[in-house]
Amino acid sequence: MLDQRLVRENPTLVTNELGRRGLNVDLAPLQLIAEQQRELESQRNSLQGEGNRIGREVGQRIKNGIDPQANEIKALRDQGNKIKQKVAVLEDKEKLISAKLKEQLLSFPNLPSAKCPNGKSEKDNQVLRQWGNPIQETSLQEHWEIAERLKLFDIERSVRISQSRFVTLTNHGARLERALINFMLDLHASKGYKELLPPVLVNTASLTGSGQLPKFAEESFKCADDDLWLTPTAEVPVTSMHRNEIIPSNQLPLRYVAYSPCFRREAGSYGRDTRGLIRLHQFNKIELYWFVHPEHSEAAHNQITADAEAVLQTLELPYRVIELCTGDLGFSASRTFDLEVWLPGAGAFREISSCSLCGDFQARRSAIRTKEGKSTRLVHTLNGSGLAVGRTMAAILENGQQKDGSVKLPEVLVPYFGANQLPPE
RNA sequence: GGAGAGGUGGCCGAGUGGUCGAAGGCGCAGCACUGGAAAUGCUGUAUAGGGGCAACUCUAUCGAGGGUUCGAAUCCCUCCCUCUCCGCCA
């Protein structure tokens, strides 16, 4: 959420920064609302103060032995009643305006960081660096072909169970997924991340706090009879771990690694990535999440990205790091590095992790502060996939495929999977 | 699902209509005492918004929302949540 005060005092800055994201907004109406809200609040405050004084006066006089039915008391009561009526009128107006203001503030995306390069779309993203040597060969299979051949999943029956874009992993596929989850959790935990296994049903406040609501309701699955949604990412429950909290500054940074299944409706992506493990309504993800002191967030952004990269490096999967331009930035992010893994079968880099610095955007929505001396300050939050598990499996299958039809597995997975290859057929 | 109890500051806990943002205790911070520490004493210690250079000040907040009243933590209504017992259950 944008800072109300910033909107009021420096709307030009906000307009310009949102403009960098490709949004053309006229903030004048919002600024007006914000001013009105403050004006109403200030009027109401002074009226309430007057009312309080009268209330105290009545109490004092009665205490001093004046008959509660005396005329002087009656007069004060009348005064109090008049004020009460005025306050009620102001309150009604203020409520309407505050709700409108809040609604609008919640609907604006984060302002991009000064370091985020300008651009219109993903075409303007910049490649920062590349790691490993991408296999260039035209005869390779795509991951879903390999998975079908080795019977690592069952798509057709999953449609029977659920619908399209759901998968049942089978045999080695199921085991490999489990191995990857454990491997990733162990790797991050060994670096000091605190492990979490959060609820996957989250309430509206949690989704609002991390930025998915109110704007992207159509992207999440909602329970019919409860105020609960299926979480689209562990980022949501982990943000709300500390919602409405003040974290003592000596406890920062808090670094969490959370495994969760993720659920996304993928509305509007019909026909895209229809085969295999790339785009599913339900997938597994390991999420890294930091709560940091605002002055340390940039360094933290580099570190969280490096921690996500470490997974790919340990798995010996070639990838590149992309800096998203302002036009491609997610709603809550002020700066984002995407990791794209090389899929030799598809002959393309595919996003496998997105590491975002959200600044105080989520912290303001979720009221997560830290305390320095007497003053409180919003913390900064960061999140990064470490990694999307299904896509990691796809990358392992495509990068490890052998001439004899088997798939060579990364060495580090041996203790987790129990073998260094998937046998042919 | 049935029956009951309850939600007060970082924590415990008092408060059933009148300067109550809230006694007391614990915890925490500072100071004093000490060679140093413990113990002790003193002082301070919620959040948000508005105003002020500042000291400071105004307003709101005792689960949430409404109501009664000049005045509500305290009374009334609705909702949410937690706990205990019973039932059911992985």
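Taking only side-chain nitrogens and oxygens, A:Arg5 comes nearer than 4.0 Å to OP1 or OP2 of B:rG50. Checking the phosphate oxygens (OP1, OP2) of B:rA60, a side-chain nitrogen or oxygen of A:Asn52 falls inside 4.0 Å. Phosphate proximity of B:rG50 to A:Asn45: absent, as no side-chain N or O sits under 4.0 Å from OP1 or OP2. Regarding contacts with the backbone of B:rG66, a side-chain N or O of A:Lys95 is found under 4.0 angstrom from either OP1 or OP2. Taking side-chain N and O atoms only, A:Arg77 has a distance below 4.0 Å to OP1 or OP2 of B:rC70. For the pair A:Lys371 and B:rA46, the criterion of a side-chain N or O lying under 4.0 Å from OP1 or OP2 is not met.
Nucleotides B:rC89 and B:rG4 have their C1' atoms positioned 22 Å apart, rounded to a whole Å. Rounded to whole Å, the separation between the C1' atoms of B:rC80 and B:rA64 comes to 7 Å. B:rA23 and B:rU82 are spaced 29 Å apart, taking the P atom of each and rounding to whole Å. Comparing B:rU19 with B:rC83, their C1' atoms are spaced 37 Å from each other, to the whole Å. Straight-line distance between the C1' atoms of B:rU61 and B:rA22: roughly 12 Å, to the nearest whole Å. Taking atom P in both B:rG24 and B:rA46, one finds a spacing of 14 Å when rounded to whole Å. For B:rC56 and B:rU34, the P atoms lie 32 Å apart once the distance is rounded to whole Å. As rounded to the nearest Å, B:rU69 and B:rG15 have P atoms that lie 28 Å from one another.
Following rounding to the nearest Å, A:Gln37 (CD) and B:rA60 (P) show an atom-to-atom distance of 16 Å. Taking atom CG of residue A:Leu76 and atom P of nucleotide B:rG18, one finds them 18 Å apart after rounding to whole Å. Residue A:Ile246 contributes atom CD1, which lies 15 Å from atom C1' of B:rC28 at whole-angstrom precision. Summarising the geometry, the separation between CD1 on A:Ile97 and P on B:rG49 is reported as 19 Å, rounded to the nearest angstrom. The interatomic distance linking A:Met1 (CE) with B:rA48 (P) rounds to 13 Å, in whole Å. Atoms CD (A:Glu41) and P (B:rU59) sit 13 Å apart, rounded to a whole Å. Atom P of nucleotide B:rC70 and atom CD of A:Glu72 are separated by 16 Å, given to the nearest angstrom. Rounded to whole angstrom, the span from the NZ atom of A:Lys84 across to the C1' atom of B:rG67 amounts to 10 Å.
Residue A:Thr376 is classed as a sugar-phosphate contact, given heavy-atom separations below 4.0 Å to backbone atoms only. Among the heavy atoms of the strands lying under 4.0 Å from A:Arg8 are primed sugar atoms or P, OP1, OP2 only; no base atom is included. Residue contacts for A:Ile62: at a heavy-atom cut-off of 4.0 Å it reaches a base atom on one of the strands shown. A:Asp78 comes within contact range of no nucleotide atom at all, as no heavy-atom separation falls under 4.0 Å. Counting non-hydrogen atoms under 4.0 angstrom, A:Lys74 reaches nothing in the nucleic acid. At the heavy-atom level, A:Gln60 lies under 4.0 Å from base atoms of the strands shown. In this structure, A:Arg53 reaches neither bases nor backbone, as no heavy-atom distance under 4.0 Å exists between it and the strands shown.
Pair check for B:rU84 finds B:rA3; Watson-Crick or G-U wobble, both atom distances under 3.5 Å. Pair assignment for B:rA48: B:rU59, on the basis of Watson-Crick or G-U wobble contacts that are both within less than 3.5 Å. Look at B:rG9: it lacks any Watson-Crick or wobble partner with both distances under 3.5 angstrom. Base pairing analysis places B:rG41 opposite B:rC31; the two distances defining the Watson-Crick or G-U wobble pair are each below 3.5 Å. The base-pairing partner of B:rG21, taking Watson-Crick or G-U wobble contacts with both distances under 3.5 Å, does not exist among the strands shown. Base-pair partner of B:rU69: not found among the strands shown (Watson-Crick or G-U wobble, both distances under 3.5 Å). Across the strands present, B:rG36 finds no partner; the criterion is a Watson-Crick or G-U wobble pair with both atom distances under 3.5 angstrom. Searching all strands for a Watson-Crick or G-U wobble partner of B:rC89 with both distances below 3.5 Å returns nothing.
Each of B:rU59, B:rG50, B:rU19 was ranked by its minimum atom distance to the side chain of A:Ser42; first place goes to B:rG50. Counting only heavy atoms from C-beta on, A:Gln48 has its side chain closest to B:rA60 among B:rC70, B:rU19, B:rA60. Out of B:rU69, B:rU19, B:rG51, the shortest distance to the side chain of A:Arg38 is found at B:rG51.
With a 4.5 Å cut-off on side-chain heavy atoms, A:Pro423 and A:His172 count as touching. Between A:Lys102 and A:Met1 the shortest side-chain heavy-atom distance falls below 4.5 Å.
Salt bridge status for A:Glu266 with A:Arg165: absent, with no side-chain N to carboxylate O gap under 4.0 Å.
Between A:Phe183 and A:Tyr416, the ring-plane angle classifies as perpendicular under the 30° and 60° cut-offs.
Using a 3.5 Å distance cut-off with no hydrogens or angles, the side chains of A:Arg56 and A:Gln60 do not pair a donor with an acceptor. Side chains of A:Thr170 and A:Lys151: no donor on one and acceptor on the other come within 3.5 Å.
Exactly one residue among A:Trp290, A:Phe291, A:Tyr289 makes a ring-ring contact (aromatic ring centres under 6.0 Å, His included) with A:His242. That residue is A:Phe291.
Along RNA chain B, the nucleotide closest to A:Gly49 and the one closest to A:Gly59 are compared, and the more 5′ of them pairs with A:Gly59. For the pair A:Arg369 and A:Asn81, nearest-nucleotide mapping onto RNA chain B gives the more 5' position to A:Arg369.
Interatomic distance, CG of A:Asn10 versus CZ of A:Arg5, reported as 12.5 Å (0.5 Å rounding).
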Exercise. Dump the intermediate steps for salt bridge (charged side-chain N to carboxylate O under 4.0 Å, His left out) on A:Glu298 and A:Lys115, then the final yes or no.
Key: CA-CA 10 Å; A:Glu298 266 189 38; A:Lys115 302 215 163 164; 3.0 Å; yes
